[in-house]
Amino acid sequence: MKHVSKKFVLLPAAAVLFFSCSSEREASLSFMAMDTFMTLKCRAEEPEKLNQEVKAEVERLEALFSVTDSQSDFYRVNDAAEYPVIVSDSTRDLLELSVKYSELTDGALDITMYPVLREWGFTNGNYHVPSSDKIDSLLKNVGYKNLKLDGNFITLKEGQMLDPGAVGKGYAGDAAVELYKKNGVRSALIDLGGNIQLLGKKPDGKDWRVALRNPWGGSPVLTVKVHDCAVITSGGYERHFVADDGKSYIHIFDPATGRPVDNSLVSATIIAEKGVYADALSTAVFVMGEEKAFELWKKCSDFEMVLLKNDRSAVYTEGLEKKLEMDFDFTSVTVLKRK
Ligand code: ADP
Ligand code: MG
């Protein structure tokens, strides 16, 4: 009895001592980069300074990955057509990972889609539906397999262009996490335009609560309670245009057809340790559709997913069973299981 009561007295005392010694504070920083609104939040002794350092790292990557800045790695590679271009280690790393994820997803992710996306107007706002002939001729040049990566030398096939849109923010999120970690930070939240990356748990020691946007408008549909991971969503509702035919065309394309994805999904959310992987997979899974995505998940043991469907139903993988809170009256909810 005596032993037990001693424990009860000692624990809170130790906790008070820990917090009173710590001069850690929380601070957040918001800014625009990579065409989106970003917020960094961390707990550290000098959080403002660290947030500024992480912002500078995100801006460094933005300057490499931009498709419009003539000094950037991506611009120079796209501009050089068939000639080899030397790029930074970060760009080489991003390209190598992209090719690996293209292989994993059987081409559902393909960063050589730029000429097709440009023709549809997704790069400059001149939206229109191209003719089938035009799409077919541009598609001939699409294909991650034609990308030549030789160390830091990158060579494209003629007519090919790269687009980091599906993976760049996830890669930047990983760089942010690494930089915070290197500086001893144990709790940080990185929001890169809705791509959420979490380092550790909340400063109060509890899991972070990440809410998923409601694709149909209104308050978030569900919340995941997680730590040390990325939560990344791809959804057609994020960017689209309505053509003269009254149809809506979204910004995520099927590399097999050169046309916007048109399947039963409204959004695909991936939860994985690494941001670049979650970003690549959220786009790829959205392209693949529910069945192929389920097959991929069964094959891999390193991600979980939530799929929201047009019929207002939800599907999620069994690893999330205890981490998920529903806040929406879905028409049905299915838990995907390995066995
Ligand atoms: P967002 O950047 O809107 O959060 P995604 O990560 O899904 O969403 O990336 C979508 C972007 O990736 C598009 O805007 C386009 O630039 C590019 N993209 C579209 N379809 C593909 C695809 N199948 N593979 C690779 N990149 C794609
Ligand atoms: Mg993505």
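In listed order, ligands and their atoms are each counted from 1. Everything numeric here is computed off the predicted structure, so don't read it as measured data. The figures that follow rest on heavy atoms only: side chains count, while hydrogens, waters and symmetry mates do not.
- Counted by atom type alone, T39 and D191 present zero donor-acceptor pairs between their side chains at under 3.5 Å.
- Considering backbone and side-chain N/O of S234, one or more are found under 3.5 Å from N/O of ligand 1.
- Checked against a 3.5 angstrom limit, the closest N/O atoms of A166 and ligand 1 fall inside it.
- The residue V167 has no part lying near ligand 1, judged by heavy-atom distances below 4.0 Å.
- Taking 2.8 Å as the limit, the number of protein N, O or S atoms around the Mg ion (ligand 2) is 4.
- Close contacts of ligand 1 with K169, meaning ligand atoms under 4.0 Å from a residue heavy atom, involve 1 (P), 2 (O), 4 (O).
- In summary, the atoms of ligand 1 found under 4.0 Å from a heavy atom of I252, numbered by their order in the structure, are 7 (O), 19 (C), 20 (N).
- Atom 20 (N) of ligand 1 has F253 N, 3.0 Å as its closest protein atom, hydrogens excluded (heavy atom only).
- The A108 neighbourhood of ligand 1 comprises atoms 22 (C), 23 (N), 24 (N), with distances under 4.0 Å to a heavy atom of that residue.
- If you check the side chains of Y277 and D174, you find no donor sitting under 3.5 Å from an acceptor.
- At under 3.5 Å, a nitrogen or oxygen of D279, whether backbone or side chain, sits near a nitrogen or oxygen of ligand 1.
- Because its NZ or CZ atom is both nearer than 6.0 Å to the ring centre of F294 and within 45° of the ring axis, K298 counts as a cation-pi partner of that residue.
- Residues M161 and V99 fall within the same hydrophobic cluster, defined by Ile, Leu, Val, Met, Phe, Trp and Tyr side chains chained together at heavy-atom separations under 4.5 Å.
- At the top of the distance list for atom 11 (C) of ligand 1, counting protein heavy atoms only, stands G165 C, 3.7 Å.
- Results of the side-chain contact (heavy atoms from CB on, under 4.5 Å) test with M113 over L162, D254, I252, V142 single out V142 as the only residue that passes.
- The contact set between ligand 1 and L109, taken as ligand atoms under 4.0 Å from a residue heavy atom, comprises 24 (N), 25 (C).
- Set against the non-hydrogen atoms of R239, the atoms of ligand 1 under 4.0 Å away are 14 (O).
- Between D110 and ligand 1, at least one pair of N/O atoms sits closer than 3.5 Å.
- Set against the non-hydrogen atoms of P255, the atoms of ligand 1 under 4.0 Å away are 23 (N).
- In terms of protein heavy atoms, atom 18 (N) of ligand 1 is closest to L117 CD1, 4.0 Å.
- Residues F328 and W216 bring their aromatic ring centres within 6.0 Å.
- When the heavy atoms of M113, H251, M34 are ranked by distance to atom 3 (O) of ligand 1, first place goes to H251.
- Residues L64 and L192 share a hydrophobic cluster, clusters being chains of Ile/Leu/Val/Met/Phe/Trp/Tyr side chains in contact below 4.5 Å.
- Each of the following atoms of ligand 1 lies closer than 4.0 Å to a heavy atom of D163: 15 (C), 16 (O), 17 (C).
- Y127 has its ring centre less than 6.0 Å from the ring centre of F122.
- Note on ring orientation: taking the six-membered ring where Trp is involved, the planes of F65 and F74 are perpendicular (angle over 60°, cut-offs 30° and 60°).
- In this structure, R338 satisfies the cation-pi test against W297, with its NZ or CZ atom closer than 6.0 Å to the six-membered ring centre and inside 45 degrees of the ring normal.
- Donor-acceptor pairing under 3.5 Å is lacking for the side chains of S264 and N310.
- Any N or O atom pair closer than 3.5 Å counts here, and T283 shares at least one such pair with ligand 1.
- Residues N51 and Y180 have side chains that bring a donor and an acceptor to within less than 3.5 angstrom of each other.
- Side chains of T68 and S66: a donor-acceptor N/O pair is present below 3.5 angstrom, by distance only.
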